[in-house]
Amino acid sequence: MAEFSGPQNGKGPDPVKITLQRKAELKAKGKFIPPEQYASLIRDPAIERWGSMREKTQDHFKFRPRTIFLGVMWCAVVPAAYYFFLKWENKQKHFMTGKTPQEHLGEQAST
């Protein structure tokens, strides 16, 4: 069984070998430029600082009254309010139609 030498299945040159040879030639001539230096991107220091701070938020986080308040609000109060609103809305639906919840499910109310 023949060895795999690239996308041509043994037919023609191996593109990986050609790329590595080209890199070695450029390094030997001193003309090799790393990929991150190809573009002419000018980095804004303010955006770089913001990105760095955003990546390291766990290093700077502290439990303070505001963070505790927001955590309780979003993890307990908002879901509880949503639950009780849905429950109240369901109760209003039953009240407006004049049926019990069991009758809405197709069961007969036992008296």
Side-chain angles (χ1 to χ4, degrees):
M1 184 171 178
E3 289 185 27
F4 177 77
S5 66
Q8 300 88 7
N9 290 331
K11 300 174 186 172
D14 185 14
V16 176
K17 286 182 182 178
I18 292 173
T19 304
L20 292 175
Q21 288 173 354
R22 179 75 175 137
K23 280 185 180 180
E25 290 171 8
L26 290 173
K27 273 189 179 179
K29 292 179 183 177
K31 296 181 179 179
F32 179 73
I33 300 172
E36 60 269 6
Q37 294 178 1
Y38 286 155
S40 59
L41 176 67
I42 299 172
R43 295 186 173 177
D44 186 3
I47 294 176
E48 294 296 320
R49 285 192 307 269
W50 177 79
S52 175
M53 184 70 175
R54 188 163 182 227
E55 290 171 3
K56 299 177 182 177
T57 52
Q58 70 275 9
D59 297 341
H60 305 286
F61 178 78
K62 293 180 182 174
F63 279 106
R64 296 197 171 140
R66 182 173 186 255
T67 56
I68 293 170
F69 172 75
L70 290 174
V72 169
M73 287 298 293
W74 286 109
C75 294
V77 175
V78 172
Y82 185 64
Y83 169 78
F84 284 113
F85 171 74
L86 291 177
K87 191 174 176 182
W88 173 81
E89 190 178 43
N90 199 18
K91 187 177 180 182
Q92 288 296 335
K93 178 182 76 173
H94 296 313
F95 178 75
M96 295 299 279
T97 57
K99 295 180 180 178
T100 64
Q102 290 79 16
E103 290 172 339
H104 275 283
L105 294 174
E107 299 175 6
Q108 295 296 327
S110 59
T111 53

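Values below: every heavy atom of this structure, side chains too, minus hydrogens, waters and symmetry copies.
Summarising the geometry, atom CZ belonging to Arg64 is positioned 13.0 Å from atom CG belonging to Leu70; distances are rounded to the nearest 0.5 Å. The distance from the CD atom of Gln92 to the NZ atom of Lys87 is 13.5 Å, given to the nearest 0.5 Å. Note: Ile18 CD1 to Asp14 CG = 7.0 Å, rounded to the nearest 0.5 Å. Summarising the geometry, atom NZ belonging to Lys29 is positioned 6.0 Å from atom CD belonging to Glu25; distances are rounded to the nearest 0.5 Å. From Lys91, atom NZ reaches atom CD of Glu89 across 14.0 Å, with rounding to the nearest 0.5 Å. Of the inter-residue distances, the one linking Leu26 atom CG with Gln21 atom CD reads 12.0 Å to the nearest 0.5 angstrom.
A donor-acceptor pair under 3.5 Å links the side-chain atoms of Thr19 to the main chain of Pro15, judged by distance alone. In this structure a side-chain-to-backbone donor-acceptor pair under 3.5 Å is missing from Ser52 to Glu48.
For Phe95, the ring pair (Phe, Tyr, Trp, His ring centres under 6.0 Å) test picks out no residue, with sequence neighbours left out. For Tyr82, the ring pair (Phe, Tyr, Trp, His ring centres under 6.0 Å) criterion is met by no residue, not counting sequence neighbours.
The local environment of CZ in Phe63 is sparse, with at most 12 non-hydrogen atoms from other residues, nucleotides or ligands closer than 6.0 Å.
Residues Asn90 and Leu86 are not in side-chain contact: their nearest non-hydrogen atoms beyond the backbone lie 4.5 Å or more apart.
Each of Tyr83 and Val78 belongs to its own hydrophobic cluster when Ile, Leu, Val, Met, Phe, Trp and Tyr are linked at side-chain heavy-atom distances under 4.5 angstrom.
Across Glu55 and Gln58, no two heavy atoms sit closer than the pair O-OE1, 3.5 Å.
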